[in-house]
Amino acid sequence: MHRLGLLPLVQEPHVYNNSYGGRYRFNPEQLDSRTLRHFFTLTNVQDLGVDNLDIPRFMPRIQQYFKNFLPTLRSLALRDPKGSHCQIIYFIGLFQHLEDLKLRHGHSEYRQELSGTLTPSPLFSPPLRGRLMMRTILGMDLLKDMVHLFGGIRFCCLDLFNVEGVWLWIDACAETLETLRLYPDGE
Amino acid sequence: VTLSERCTGSNHFTAGSAFLSINLSQHGLLRTLEVLASCILNQFSHGPLAFPSHFMHVLSTITSPASFEVVVVYLGDNFHGIQSQYSQEYQNLPPVPCMSQADRVMESSHHCVQFRVPREIHKARGFRLVLRADIWNRVGEYPVQRLEEGMAVAKAQGVFDVFFPKPLVIYNPWKS
(Lines give C-alpha, C1' and ligand atoms only; values in the text may rest on other atoms or scores of the structure.)
Protein backbone atom coordinates (compact mmCIF):
# COMPACT_ATOMS: atom_id res chain seq x y z
CA MET A 1 0.00 0.00 0.00
CA HIS A 2 2.86 2.32 0.77
CA ARG A 3 4.41 1.81 -2.66
CA LEU A 4 1.08 2.56 -4.31
CA GLY A 5 0.69 5.65 -2.19
CA LEU A 6 -2.49 4.36 -0.62
CA LEU A 7 -1.58 4.68 3.05
CA PRO A 8 -3.12 8.15 3.36
CA LEU A 9 -6.44 6.57 2.38
CA VAL A 10 -6.41 4.02 5.19
CA GLN A 11 -9.15 4.77 7.71
CA GLU A 12 -9.24 1.75 10.02
CA PRO A 13 -5.78 0.33 10.77
CA HIS A 14 -5.20 -2.11 13.61
CA VAL A 15 -1.90 -2.89 15.28
CA TYR A 16 -2.32 -6.58 16.08
CA ASN A 17 -0.75 -8.70 18.70
CA ASN A 18 0.64 -11.90 17.27
CA SER A 19 1.58 -13.56 20.52
CA TYR A 20 -0.91 -14.94 23.00
CA GLY A 21 1.69 -14.95 25.74
CA GLY A 22 1.33 -11.23 26.17
CA ARG A 23 5.08 -10.68 25.85
CA TYR A 24 4.77 -8.64 22.71
CA ARG A 25 4.27 -4.98 23.39
CA PHE A 26 3.72 -2.19 20.96
CA ASN A 27 6.37 0.31 21.95
CA PRO A 28 8.67 2.83 20.25
CA GLU A 29 11.23 0.11 19.54
CA GLN A 30 8.74 -1.49 17.12
CA LEU A 31 8.79 1.66 15.07
CA ASP A 32 12.03 1.69 13.17
CA SER A 33 12.61 4.53 10.75
CA ARG A 34 10.89 2.75 7.86
CA THR A 35 7.86 1.70 9.90
CA LEU A 36 7.68 5.11 11.47
CA ARG A 37 7.62 6.70 8.02
CA HIS A 38 4.67 4.49 7.07
CA PHE A 39 3.02 5.20 10.42
CA PHE A 40 3.22 8.93 9.84
CA THR A 41 1.73 8.52 6.38
CA LEU A 42 -1.54 7.39 7.96
CA THR A 43 -3.16 10.79 7.98
CA ASN A 44 -6.81 9.94 7.52
CA VAL A 45 -7.40 7.40 10.25
CA GLN A 46 -10.82 7.48 11.85
CA ASP A 47 -10.87 4.14 13.63
CA LEU A 48 -7.64 2.95 15.27
CA GLY A 49 -7.07 -0.36 17.04
CA VAL A 50 -3.93 -1.11 19.02
CA ASP A 51 -3.11 -4.33 20.86
CA ASN A 52 -0.70 -4.28 23.79
CA LEU A 53 0.11 -0.62 23.63
CA ASP A 54 2.96 0.03 26.03
CA ILE A 55 2.05 3.54 27.07
CA PRO A 56 4.84 4.05 29.65
CA ARG A 57 7.46 3.29 26.99
CA PHE A 58 5.97 5.95 24.72
CA MET A 59 5.89 8.55 27.47
CA PRO A 60 6.52 11.43 27.60
CA ARG A 61 6.64 11.81 23.80
CA ILE A 62 3.55 9.77 23.01
CA GLN A 63 1.86 12.72 21.36
CA GLN A 64 4.68 12.95 18.82
CA TYR A 65 4.16 9.34 17.76
CA PHE A 66 0.39 9.58 17.39
CA LYS A 67 0.13 13.19 16.23
CA ASN A 68 -1.06 12.30 12.73
CA PHE A 69 -4.17 10.62 14.18
CA LEU A 70 -5.19 13.54 16.36
CA PRO A 71 -7.31 15.55 13.91
CA THR A 72 -9.29 12.66 12.43
CA LEU A 73 -9.64 9.86 14.95
CA ARG A 74 -13.22 9.11 15.99
CA SER A 75 -12.94 5.60 17.38
CA LEU A 76 -10.20 3.95 19.45
CA ALA A 77 -9.88 0.30 20.44
CA LEU A 78 -7.24 -0.67 22.98
CA ARG A 79 -6.63 -4.29 23.81
CA ASP A 80 -4.49 -5.02 26.85
CA PRO A 81 -2.84 -1.62 27.06
CA LYS A 82 -0.04 -1.37 29.56
CA GLY A 83 -0.08 1.60 31.89
CA SER A 84 -1.83 3.18 34.80
CA HIS A 85 -5.39 4.49 34.59
CA CYS A 86 -4.06 8.01 34.31
CA GLN A 87 -1.73 7.05 31.46
CA ILE A 88 -4.53 5.32 29.59
CA ILE A 89 -6.75 8.35 30.10
CA TYR A 90 -3.93 10.63 29.00
CA PHE A 91 -3.63 8.61 25.79
CA ILE A 92 -7.38 8.75 25.20
CA GLY A 93 -7.25 12.49 25.82
CA LEU A 94 -4.84 12.98 22.95
CA PHE A 95 -7.68 12.62 20.49
CA GLN A 96 -9.87 15.67 20.67
CA HIS A 97 -12.61 14.32 18.39
CA LEU A 98 -12.86 10.84 19.88
CA GLU A 99 -16.41 9.51 20.14
CA ASP A 100 -16.16 5.72 20.55
CA LEU A 101 -13.93 3.79 22.90
CA LYS A 102 -13.23 0.07 23.23
CA LEU A 103 -11.10 -1.08 26.10
CA ARG A 104 -10.37 -4.74 26.65
CA HIS A 105 -8.12 -6.23 29.24
CA GLY A 106 -6.94 -9.72 29.85
CA HIS A 107 -5.99 -10.43 33.39
CA SER A 108 -2.35 -9.60 33.43
CA GLU A 109 -0.86 -6.31 34.38
CA TYR A 110 -3.85 -4.06 34.56
CA ARG A 111 -3.78 -3.62 38.31
CA GLN A 112 -0.11 -2.87 38.42
CA GLU A 113 -0.38 0.81 38.91
CA LEU A 114 2.87 2.55 38.29
CA SER A 115 3.21 4.20 41.63
CA GLY A 116 5.31 7.29 41.65
CA THR A 117 4.75 7.89 37.96
CA LEU A 118 3.43 11.35 37.35
CA THR A 119 1.16 11.58 34.36
CA PRO A 120 0.15 14.98 33.09
CA SER A 121 -3.52 15.82 32.71
CA PRO A 122 -5.05 14.91 29.36
CA LEU A 123 -4.58 17.48 26.64
CA PHE A 124 -8.23 17.34 25.65
CA SER A 125 -11.57 16.20 26.98
CA PRO A 126 -12.79 14.27 23.95
CA PRO A 127 -16.54 14.32 23.32
CA LEU A 128 -16.88 10.55 23.93
CA ARG A 129 -20.55 10.63 23.04
CA GLY A 130 -20.64 7.38 21.11
CA ARG A 131 -20.22 3.75 22.12
CA LEU A 132 -18.24 2.52 25.09
CA MET A 133 -17.33 -1.14 24.99
CA MET A 134 -15.29 -2.55 27.85
CA ARG A 135 -14.21 -6.04 28.84
CA THR A 136 -12.64 -7.16 32.10
CA ILE A 137 -12.09 -3.90 33.89
CA LEU A 138 -11.17 -4.28 37.55
CA GLY A 139 -11.76 -1.62 40.15
CA MET A 140 -13.49 1.69 39.74
CA ASP A 141 -10.52 4.00 39.53
CA LEU A 142 -10.84 4.23 35.78
CA LEU A 143 -14.39 5.56 36.06
CA LYS A 144 -13.45 7.98 38.81
CA ASP A 145 -10.45 9.26 36.88
CA MET A 146 -12.38 9.62 33.63
CA VAL A 147 -15.14 11.54 35.36
CA HIS A 148 -12.58 13.70 37.13
CA LEU A 149 -10.26 14.36 34.20
CA PHE A 150 -12.84 14.54 31.42
CA GLY A 151 -15.52 16.29 33.46
CA GLY A 152 -17.95 13.38 33.28
CA ILE A 153 -18.78 10.75 30.71
CA ARG A 154 -21.44 11.12 28.07
CA PHE A 155 -21.65 7.88 26.12
CA CYS A 156 -24.93 7.09 24.42
CA CYS A 157 -24.25 3.37 24.11
CA LEU A 158 -22.76 1.04 26.73
CA ASP A 159 -21.60 -2.53 26.25
CA LEU A 160 -19.84 -3.57 29.44
CA PHE A 161 -18.90 -7.13 30.24
CA ASN A 162 -17.09 -8.26 33.35
CA VAL A 163 -16.68 -4.68 34.48
CA GLU A 164 -16.52 -3.97 38.17
CA GLY A 165 -19.07 -1.40 39.33
CA VAL A 166 -20.89 -1.69 36.04
CA TRP A 167 -23.97 0.09 37.35
CA LEU A 168 -21.93 3.11 38.32
CA TRP A 169 -20.88 3.43 34.69
CA ILE A 170 -24.52 3.15 33.69
CA ASP A 171 -25.57 5.73 36.23
CA ALA A 172 -22.74 8.05 35.15
CA CYS A 173 -24.28 8.10 31.66
CA ALA A 174 -27.85 8.54 32.89
CA GLU A 175 -28.43 11.73 30.94
CA THR A 176 -27.09 10.48 27.63
CA LEU A 177 -27.59 6.72 27.52
CA GLU A 178 -29.72 5.52 24.63
CA THR A 179 -28.60 1.91 24.19
CA LEU A 180 -27.54 -0.55 26.86
CA ARG A 181 -26.36 -4.10 26.34
CA LEU A 182 -27.01 -6.46 29.25
CA TYR A 183 -25.23 -9.70 30.09
CA PRO A 184 -26.38 -12.21 32.65
CA ASP A 185 -23.06 -13.68 33.75
CA GLY A 186 -19.58 -14.50 32.59
CA GLU A 187 -20.54 -16.40 29.48
CA VAL B 1 -28.62 -4.89 48.02
CA THR B 2 -26.23 -2.56 49.76
CA LEU B 3 -24.39 0.25 48.04
CA SER B 4 -21.10 -1.60 48.44
CA GLU B 5 -22.55 -4.68 46.77
CA ARG B 6 -23.86 -2.46 44.04
CA CYS B 7 -20.49 -0.80 43.60
CA THR B 8 -18.62 -4.04 43.30
CA GLY B 9 -21.18 -5.78 41.15
CA SER B 10 -19.67 -6.91 37.89
CA ASN B 11 -21.58 -8.58 35.12
CA HIS B 12 -21.12 -11.91 36.83
CA PHE B 13 -24.61 -11.99 38.24
CA THR B 14 -24.43 -15.50 39.53
CA ALA B 15 -26.59 -14.62 42.49
CA GLY B 16 -28.81 -12.39 40.45
CA SER B 17 -29.03 -9.80 43.23
CA ALA B 18 -27.24 -7.04 41.33
CA PHE B 19 -29.79 -7.20 38.58
CA LEU B 20 -32.58 -6.63 41.01
CA SER B 21 -30.93 -3.39 42.13
CA ILE B 22 -31.07 -1.87 38.69
CA ASN B 23 -33.25 1.11 38.20
CA LEU B 24 -33.21 2.78 34.81
CA SER B 25 -35.95 5.26 35.58
CA GLN B 26 -33.47 8.16 35.47
CA HIS B 27 -32.24 7.28 31.99
CA GLY B 28 -34.69 9.42 30.11
CA LEU B 29 -33.16 8.91 26.67
CA LEU B 30 -32.85 5.14 26.88
CA ARG B 31 -34.59 3.53 23.96
CA THR B 32 -32.79 0.25 23.32
CA LEU B 33 -31.80 -2.72 25.42
CA GLU B 34 -29.56 -5.23 23.72
CA VAL B 35 -29.13 -8.79 24.87
CA LEU B 36 -27.39 -11.80 23.43
CA ALA B 37 -29.72 -14.44 22.08
CA SER B 38 -27.81 -17.18 23.86
CA CYS B 39 -28.50 -15.45 27.19
CA ILE B 40 -32.14 -14.72 26.92
CA LEU B 41 -33.63 -17.28 24.63
CA ASN B 42 -32.77 -20.35 26.63
CA GLN B 43 -36.10 -22.06 27.00
CA PHE B 44 -34.79 -24.02 29.98
CA SER B 45 -33.98 -20.84 31.87
CA HIS B 46 -36.81 -20.72 34.39
CA GLY B 47 -37.21 -19.67 37.98
CA PRO B 48 -36.53 -16.49 39.93
CA LEU B 49 -32.82 -16.41 39.08
CA ALA B 50 -33.30 -16.93 35.38
CA PHE B 51 -32.04 -14.16 33.17
CA PRO B 52 -35.35 -13.53 31.38
CA SER B 53 -36.99 -12.72 34.71
CA HIS B 54 -34.12 -10.36 35.57
CA PHE B 55 -34.49 -8.78 32.19
CA MET B 56 -38.20 -8.28 32.82
CA HIS B 57 -37.36 -6.53 36.06
CA VAL B 58 -34.92 -4.18 34.31
CA LEU B 59 -37.45 -3.51 31.60
CA SER B 60 -40.13 -2.64 34.12
CA THR B 61 -37.96 0.13 35.61
CA ILE B 62 -37.64 2.01 32.33
CA THR B 63 -39.77 5.11 32.21
CA SER B 64 -38.35 6.62 29.04
CA PRO B 65 -41.28 7.88 26.99
CA ALA B 66 -39.58 7.07 23.72
CA SER B 67 -40.70 4.06 21.74
CA PHE B 68 -38.59 1.22 22.96
CA GLU B 69 -36.69 -1.60 21.27
CA VAL B 70 -35.30 -4.82 22.61
CA VAL B 71 -32.56 -6.04 20.31
CA VAL B 72 -31.78 -9.74 20.53
CA VAL B 73 -28.28 -10.18 19.16
CA TYR B 74 -27.53 -13.43 17.39
CA LEU B 75 -23.94 -14.56 16.96
CA GLY B 76 -22.60 -17.27 14.73
CA ASP B 77 -22.97 -20.04 17.25
CA ASN B 78 -26.71 -19.45 17.41
CA PHE B 79 -26.87 -21.07 13.99
CA HIS B 80 -26.04 -24.57 13.00
CA GLY B 81 -22.54 -24.89 11.61
CA ILE B 82 -21.49 -21.23 11.77
CA GLN B 83 -18.52 -20.16 13.82
CA SER B 84 -19.05 -17.36 16.27
CA GLN B 85 -16.10 -15.28 15.18
CA TYR B 86 -13.92 -14.95 12.18
CA SER B 87 -10.64 -16.79 12.32
CA GLN B 88 -7.97 -17.66 9.80
CA GLU B 89 -8.55 -21.35 10.37
CA TYR B 90 -12.08 -21.01 8.99
CA GLN B 91 -10.86 -19.45 5.76
CA ASN B 92 -11.11 -22.69 3.84
CA LEU B 93 -14.41 -23.81 5.26
CA PRO B 94 -17.59 -23.12 3.36
CA PRO B 95 -19.08 -19.90 4.73
CA VAL B 96 -22.42 -21.52 5.45
CA PRO B 97 -23.07 -25.15 6.29
CA CYS B 98 -24.58 -27.56 3.81
CA MET B 99 -27.96 -28.36 5.30
CA SER B 100 -30.72 -30.60 4.17
CA GLN B 101 -34.21 -29.19 3.87
CA ALA B 102 -35.18 -31.17 6.96
CA ASP B 103 -32.32 -29.62 8.93
CA ARG B 104 -33.37 -26.16 7.84
CA VAL B 105 -36.93 -26.78 8.96
CA MET B 106 -35.61 -28.04 12.27
CA GLU B 107 -33.46 -24.96 12.78
CA SER B 108 -36.35 -22.66 11.91
CA SER B 109 -38.53 -24.51 14.41
CA HIS B 110 -35.81 -24.09 17.02
CA HIS B 111 -35.81 -20.31 16.53
CA CYS B 112 -39.59 -20.27 16.51
CA VAL B 113 -39.74 -21.95 19.93
CA GLN B 114 -37.24 -19.44 21.31
CA PHE B 115 -39.38 -16.51 20.18
CA ARG B 116 -41.81 -17.36 22.96
CA VAL B 117 -39.37 -15.92 25.49
CA PRO B 118 -39.58 -12.33 24.18
CA ARG B 119 -43.32 -12.75 24.09
CA GLU B 120 -43.25 -13.42 27.84
CA ILE B 121 -40.86 -10.55 28.46
CA HIS B 122 -43.19 -8.24 26.58
CA LYS B 123 -45.58 -8.48 29.53
CA ALA B 124 -43.22 -6.30 31.59
CA ARG B 125 -43.19 -3.43 29.11
CA GLY B 126 -44.16 -2.97 25.52
CA PHE B 127 -41.32 -2.88 23.02
CA ARG B 128 -40.46 -3.49 19.43
CA LEU B 129 -38.56 -6.73 19.00
CA VAL B 130 -35.51 -6.56 16.78
CA LEU B 131 -33.57 -9.70 15.90
CA ARG B 132 -30.08 -8.73 14.82
CA ALA B 133 -27.51 -11.12 13.40
CA ASP B 134 -24.01 -9.86 14.28
CA ILE B 135 -22.02 -12.28 12.21
CA TRP B 136 -18.97 -11.93 10.03
CA ASN B 137 -19.75 -10.91 6.52
CA ARG B 138 -18.58 -14.06 4.77
CA VAL B 139 -21.72 -15.81 5.95
CA GLY B 140 -23.97 -13.55 3.92
CA GLU B 141 -27.71 -13.58 4.32
CA TYR B 142 -27.89 -17.13 5.66
CA PRO B 143 -28.68 -16.25 9.30
CA VAL B 144 -31.30 -13.72 8.29
CA GLN B 145 -33.00 -16.32 6.13
CA ARG B 146 -33.09 -18.78 9.04
CA LEU B 147 -34.52 -16.15 11.38
CA GLU B 148 -37.11 -15.05 8.87
CA GLU B 149 -38.18 -18.63 8.35
CA GLY B 150 -38.50 -19.04 12.11
CA MET B 151 -40.47 -15.82 12.29
CA ALA B 152 -42.83 -17.00 9.60
CA VAL B 153 -43.59 -20.14 11.60
CA ALA B 154 -43.97 -18.11 14.80
CA LYS B 155 -46.27 -15.65 13.09
CA ALA B 156 -48.47 -18.45 11.86
CA GLN B 157 -48.70 -19.73 15.44
CA GLY B 158 -49.63 -16.30 16.77
CA VAL B 159 -46.46 -15.93 18.82
CA PHE B 160 -45.95 -12.40 17.57
CA ASP B 161 -49.51 -11.21 18.01
CA VAL B 162 -48.55 -9.06 20.98
CA PHE B 163 -45.87 -7.15 19.09
CA PHE B 164 -46.67 -3.92 17.35
CA PRO B 165 -44.96 -2.84 15.22
CA LYS B 166 -44.04 -6.25 13.99
CA PRO B 167 -40.59 -7.69 14.82
CA LEU B 168 -37.72 -6.77 12.61
CA VAL B 169 -34.75 -8.84 11.41
CA ILE B 170 -31.46 -7.04 10.77
CA TYR B 171 -28.16 -8.31 9.47
CA ASN B 172 -25.17 -6.50 10.95
CA PRO B 173 -22.17 -8.04 9.20
CA TRP B 174 -18.72 -7.88 10.73
CA LYS B 175 -15.77 -7.34 8.49
CA SER B 176 -13.64 -10.45 8.24
Side-chain angles (χ1 to χ4, degrees), chain A residues 10-14 16 18 20 47 49 75 77 79 102 104-105 107 110 129-144 147 153-187, chain B residues 1 3-16 18-42 45 49-59 61-62 64 66 68-73 75 77 84 88 130 132 134 175:
Chain A
V10 172
Q11 295 188 341
E12 300 177 11
H14 195 121
Y16 281 103
N18 290 322
Y20 279 103
D47 186 343
S75 177
R79 186 181 183 115
K102 294 180 189 174
R104 180 188 296 257
H105 273 286
H107 306 284
Y110 185 54
R129 290 172 302 207
R131 183 179 185 90
L132 174 66
M133 176 192 277
M134 295 202 300
R135 301 286 184 267
T136 316
I137 303 297
L138 304 174
M140 277 158 294
D141 292 343
L142 182 64
L143 173 61
K144 288 176 191 167
V147 169
I153 55 173
R154 298 162 287 275
F155 291 100
C156 70
C157 182
L158 293 180
D159 178 353
L160 312 175
F161 179 74
N162 198 17
V163 173
E164 223 170 324
V166 62
W167 303 115
L168 294 181
W169 287 89
I170 293 171
D171 285 349
C173 295
E175 292 181 3
T176 54
L177 189 65
E178 296 176 9
T179 300
L180 172 64
R181 181 177 286 200
L182 292 173
Y183 296 90
D185 53 33
E187 286 182 51
Chain B
V1 179
L3 181 62
S4 62
E5 285 172 325
R6 184 175 161 85
C7 289
T8 55
S10 71
N11 287 51
H12 295 275
F13 294 111
T14 49
F19 246 109
L20 299 178
S21 71
I22 301 172
N23 186 338
L24 296 174
S25 62
Q26 300 302 311
H27 296 67
L29 295 179
L30 189 65
R31 59 181 183 220
T32 306
L33 280 185
E34 293 182 354
V35 61
L36 294 179
S38 55
C39 299
I40 203 164
L41 298 184
N42 183 357
S45 181
L49 297 182
F51 184 58
S53 58
H54 293 157
F55 195 83
M56 287 176 76
H57 166 75
V58 174
L59 208 55
T61 68
I62 295 169
S64 163
F68 201 78
E69 289 184 346
V70 170
V71 179
V72 179
V73 180
L75 304 179
D77 47 16
S84 182
Q88 288 286 343
V130 178
R132 195 179 78 204
D134 284 10
K175 291 175 192 169

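Residue numbers begin at 1 in each chain, while the letters A, B, ... track the order of the sequences.
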Note to self: Could you go through A:L180 and B:V58, starting from their C-alpha distance and side-chain angles, then the distance that decides it, and tell me whether this counts as side chain to side chain contact (heavy atoms under 4.5 Å, CB included)?
What the structure shows: CA-CA 11 Å; A:L180 172 64; B:V58 174; 5.6 Å; no
Margin query: Among residues at least two apart in sequence or on other chains, which ones pass side chain to side chain donor-acceptor pair (under 3.5 Å) with A:E178?
Written below: B:R31
Check: Which one of B:V73, B:V35, B:L33 satisfies the side chain to side chain contact (heavy atoms under 4.5 Å, CB included) criterion with A:R181?
Finding: B:V73
Next item on the list: Could you tell me whether A:Q11 atom CD has more than 12 heavy atoms of other residues or ligands within 6.0 Å of it?
Entry: yes
Next item on the list: Name the region of B:V71, side chain, backbone, both or neither, that has any atom closer than 4.5 Å to a heavy atom of chain A.
Entry: neither
Notebook entry, point to check: At their closest point, which heavy atom of A:T176 faces which heavy atom of B:L29, and how far apart are they?
Noted result: CA-CD1, 4.1 Å
Notebook entry, point to check: Quick one: NE2 on B:H54 to CG on A:L182, what's the gap to the nearest 0.5 Å?
Noted result: 11.5 Å
Item checked: From A:T179 atom OG1 to B:H27 atom NE2, the distance as rounded to the nearest 0.5 Å -> 12.0 Å
Note to self: Nearest 0.5 angstrom please: B:N23 CG to A:I170 CD1, how far?
What the structure shows: 11.5 Å
